[in-house]
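See below for the structure under consideration.
Below, all heavy atoms of this structure are taken into account, side chains as well, without hydrogens, waters or symmetry copies. No experiment lies behind these values; they were computed from the predicted model shown.
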2 protein chains.
Amino acid sequence: MPDEVDLTTRRVRNPWGQGERLRTDILDAAVGLLSELGGEEALTIRGVARAVGIAPASIYQHFADKAALVRAVVEYDYERLSAVMREADESVEPDDAVGRVRAQIHAYCRFAIANPGHYRLMLGNRRLTGQEPGTRPRGPLLPIVEAVIAAFERCERAGKRLRLPSERAAVMVFVGTHGRVALYHSDRQGNGADRILPFVDELISLVFD
Amino acid sequence: MPDEVDLTTRRVRNPWGQGERLRTDILDAAVGLLSELGGEEALTIRGVARAVGIAPASIYQHFADKAALVRAVVEYDYERLSAVMREADESVEPDDAVGRVRAQIHAYCRFAIANPGHYRLMLGNRRLTGQEPGTRPRGPLLPIVEAVIAAFERCERAGKRLRLPSERAAVMVFVGTHGRVALYHSDRQGNGADRILPFVDELISLVFD
DNA sequence: TAAATCGCCGAACAATCGTTCGGCAACGGT
DNA sequence: ACCGTTGCCGAACGATTGTTCGGCGATTTA
């Protein structure tokens, strides 16, 4: 009897007929789990269901299986990262080409620091997402480095002298930044974060003459 | 009845009294699993036992628990990586300071390419090894970057002009290399490996004047 | 108002994991 | 020749995972 009461209250708390609402709730819960626990193993069907406040079985009404959920989360986060970098790019005055490079890279670092779980998930998602080798090289990542490439081309056009072709300079800075953040995440989290931005600044200055 | 026969043959195949032999067999099997499957989730007590040809329970005669096994594997591989880098360093003539830097970094890349599972394990082993945050920052890694630092100091002493203090240059090259390899591993494995060494060469040349 | 549909849930299933326990076969010492 | 020690094994336990199934209440349709 108390069970029915509990069920009723829950259903009042989560009224039906909201359509797509619950789907984004599930994605947000997954993102939250990834950010808090910080490990891809924290992303479980049961955990997400618990965080949302629904039954594990209900997840399957919105996602075919766990791989589909993970794919959606990864896609969602790539979009979030892209947005954050674009936003940072637009926050500096357009003529400051080097400043725009720095802003984008700094935004990348901040995102990676704030979302360790996502970061780990973006890498090595081959098994969880079920995509086999041989396919396109991590599709969602390409637009991000292309934004950095564009920023470096802007520098070149602005007369800044690069020690590398703009595309290679962009890849170099991006890869180096990625390596620094990955090393940070493999350590205990929290300490050393303040040394990341100076490092990438040093790295950026290295590709300029 | 046939079970007893099977048991007998197995015991003949794996005679007792060999002392420490089986312990290294277990470690080798773990290393093999990590290299083949390429994921830290492939490192299971049962899988290792199956690979060695013993019962899962027998593992606990050599390691207290799974965390101890993982710690031993990580330690073993750090040593192997150090040895490979040292060997590469000694394979070029001592006066070629830059060549020794390149040899060490190349050895690092080759190791990371050949042992993807180990690589993934060295990072983010916090959970598997059971060590909590706040401890020394990944102890075994320090000697490795110190070797690179020493190599760069040798370059400086040889009159090579660096655009960064030698220690920072070493960290920069190491971190960049690490990032390139991590990116390779997050992709499908196999493709793109031949572009890693050119990349690190370009990176190394960047820190020199 | 009766019927069909939709969204969710409780319960269970099979698989896998780390780990423990009691027992058995071979070896070394007496 | 006996016995304790050693090293291994089969079997099981408890926990957790992804996933499926039958059913039920609320909503919508006729």
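- For D:dG7, the OP1/OP2 oxygens have no side-chain nitrogen or oxygen of B:S58 closer than 4.0 Å.
- Here the straight-line distance linking atom CG of A:L203 with atom CZ of A:R102 works out to 12.0 Å at 0.5 Å rounding.
- Residue B:H62 has no polar side-chain atom (N or O) positioned under 4.0 Å from OP1 or OP2 of D:dG7.
- A donor-acceptor pair under 3.5 Å is formed between the side chain of A:H185 and the backbone N or O of A:A112.
- What you find for A:A72 and A:F63 is that their closest heavy atoms are CB-CE2, 3.8 Å.
- For the pair B:L69 CG and C:dC17 P, the computed distance is 14 Å after rounding to whole Å.
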Next item on the list: At under 4.0 Å between heavy atoms, which parts of nucleotides 11-17 of chain D does protein reach? Answer with one letter per nucleotide, 5' to 3': B base, S sugar-phosphate only, - none.
Entry: -B----B
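- Environment of CD in B:E79: sparse, with no more than 12 heavy atoms of neighbouring residues, nucleotides or ligands closer than 6.0 Å.
- To the nearest angstrom, P of C:dC17 lies 17 Å from CG of B:D65.
- In this structure, CD1 of A:I59 is placed 11 Å from C1' of C:dC8, rounded to the nearest angstrom.
- Distance B:I54 CD1 to C:dA25 C1': 17 Å, rounded to the nearest Å.
- Look at CG on B:L33: it is 11 Å from P on C:dC17, rounded to the nearest Å.
- Residue order along DNA chain C, read from the 5' end via each residue's closest nucleotide, puts A:Q61 first among B:A64 and A:Q61.
- The two residues B:L34 and B:E40 make their nearest non-hydrogen contact at CD1-CA, 4.2 Å.
- Residues forming a side chain to side chain contact (heavy atoms under 4.5 Å, CB included) with B:V145 (at least two apart in sequence, or on another chain): B:L141, B:I149, B:F174.
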